[in-house]
Amino acid sequence: MAARVGPWQAARMDLGSIGKAVKAVTGAPTLYQAARKAGASHADAADVMAASATALSVAAARNDGTPGRQNAMRHFIWQAYLAGRHGLEVAQAVAAAQEDGRNAPVDSRIDEQNNAVGQRYGVAQAAEIREGSMRAALDRLADVAAEKWEAGELVWIRGR
């Protein structure tokens, strides 16, 4: 039986989504610059920004309500895509820029761990990740992320 969500709960969920979207937009120039400094062309840096936003959307669409799952999957999807399409150096630079200045060291360590799993996968599967559109690649990576979550390879702050 599905849980019913009241109007106040829905409003809180919408505010959370708005907050994530604002963070994504305001962080975009930082991610763009990090990609450029790591050697990405203007077009590739724009792809990095688009992939960052799209990975958030793909992970949200796969959210089953399990605490931490969406965030872990998002970091995996995002970093696997970046490492596969743009190389490990760009992926690492963008991930570091995204975490820079955050005042949540435990959360950042968890993100770094999930990023590293994504980066390793992206490097190993670069040929496959480069095939087709960004959205198709991110959707395929979401399937892999779900498998890695179930296998315990992706982590969250609290135990499951």
Any donor-acceptor pair under 3.5 Å linking the side chain of Arg130 with the backbone of Ala137?
-> no

Walk me through it: do Ser57 and Arg135 pass the test side chain to side chain contact (heavy atoms under 4.5 Å, CB included)?
-> CA-CA 10 Å; Ser57 172; Arg135 183 58 190 235; 4.2 Å; yes

How close do Ala93 and Ala34 get, heavy atom to heavy atom, and via which atoms?
-> O-CB, 3.7 Å

Do the non-hydrogen side-chain atoms of Tyr81 and Tyr121 ever get within less than 4.5 Å of each other?
-> no

Heavy-atom pair with the smallest gap, counting every atom of Ala45 and Ala40 | N-CB, 4.1 Å

Value for CE (Met73) from CH2 (Trp149), rounded to nearest 0.5 Å, stands at 9.5 Å

Exactly one of Arg85, His42, His86 clears side chain to side chain donor-acceptor pair (under 3.5 Å) with Asp47, and that residue is His86

Locate the shortest heavy-atom distance separating Asn63 from Thr66; write the atom from each residue and the value.
-> OD1-N, 4.2 Å

For residues Trp78 and Gln98, determine if any side-chain heavy atom of one lies less than 4.5 Å from a side-chain heavy atom of the other.
-> yes

Sub-3.5 Å donor-acceptor pair from the side chain of Arg62 to the main-chain atoms of Gln70, do we have one?
-> no

Side-chain touch Glu147/Glu150, heavy atoms, less than 4.5 angstrom = no

Is any side-chain heavy atom of Val90 closer than 4.5 Å to a side-chain heavy atom of Asp44?
-> no

Taking atom CG of Leu82 and atom CD1 of Ile129, what is their separation to the nearest 0.5 Å?
-> 9.5 Å

Nearest heavy-atom approach of Trp156 to Pro67 is CH2-CB, 3.1 Å

Atom NZ of Lys148 and atom CD1 of Ile77: how far apart are they, to the nearest 0.5 Å?
-> 12.5 Å

What are the two closest non-hydrogen atoms of Ala126 and Gly84, and how far apart are they?
-> CB-O, 3.5 Å

Distance (rounded to the nearest 0.5 Å) between His75 NE2 and Gln119 CD | 11.5 Å

Give a yes or no on whether the backbone of Asp111 and the side-chain of Asn115 come within a donor-acceptor separation of less than 3.5 Å.
-> yes

d(Leu138 CG, Thr54 OG1) to nearest 0.5 Å is 6.0 Å

For Gly118 and Phe76 the tightest heavy-atom approach is CA-CD1, 3.3 Å

Backbone N or O of Ala136 within a donor-acceptor pair of the Ser133 side chain at under 3.5 Å?
-> yes

Inter-residue atom distance Met49.CE - Leu31.CG, 0.5 Å rounding | 8.0 Å

